[in-house]
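Data block below; observations after.
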Amino acid sequence: MRGFLPWLTVLAVVLLLSALRLRALATVVSIGWLAWCAWTWFRPARRGPRSD
């Protein structure tokens with residue numbers, strides 16, 4: 001359940017902004033969240049210094 005907390009928080013914020021008729025801001029939040037998720041999923045693995 002703890003892993004879903006950020007997702008549920010963003011969903012609640014987007015729904016709240018949409019209900020307040022701030023749909024442009026809700027769209028920005030949604031796209032920003034999607035971009036952050038894509039970055040964390042697809043970013044190249046960090047390579048530390050090699051210890052030979």
Side-chain angles (χ1 to χ4, degrees):
M1 182 69 184
R2 193 172 190 177
F4 289 112
L5 189 58
W7 291 88
L8 293 175
T9 303
V10 170
L11 179 62
V13 168
V14 168
L15 289 175
L16 178 65
L17 290 172
S18 184
L20 294 173
R21 301 204 184 269
L22 298 171
R23 290 192 176 100
L25 187 55
T27 302
V28 169
V29 170
S30 299
I31 292 172
W33 178 251
L34 180 63
W36 183 85
C37 289
W39 171 251
T40 60
W41 290 335
F42 299 121
R43 70 179 171 193
R46 293 183 182 173
R47 298 182 183 177
R50 296 178 73 184
S51 58
D52 291 330

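Heavy atoms only: backbone and side chains are in, while hydrogens, waters and symmetry mates are out.
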Donor-acceptor list for residues 15-30 side chains, cut-off 3.5 Å, not counting sequence neighbours:
{"unit_1": "Thr27", "atom_1": "OG1", "unit_2": "Arg23", "atom_2": "O", "d": "2.8"}
{"unit_1": "Ser30", "atom_1": "OG", "unit_2": "Ala26", "atom_2": "O", "d": "2.9"}

Sequence neighbours excluded, which residues qualify as side-chain contact (heavy atoms from CB on, under 4.5 Å) partners of Leu5?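 Only Thr9 meet the side-chain contact (heavy atoms from CB on, under 4.5 Å) criterion with Leu5.
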
Pairs in or reaching into residues 15-35: which pass ring-ring contact (aromatic ring centres under 6.0 Å, His included), with residues at least two apart or in two chains? Trp7-Trp33, Trp33-Trp36

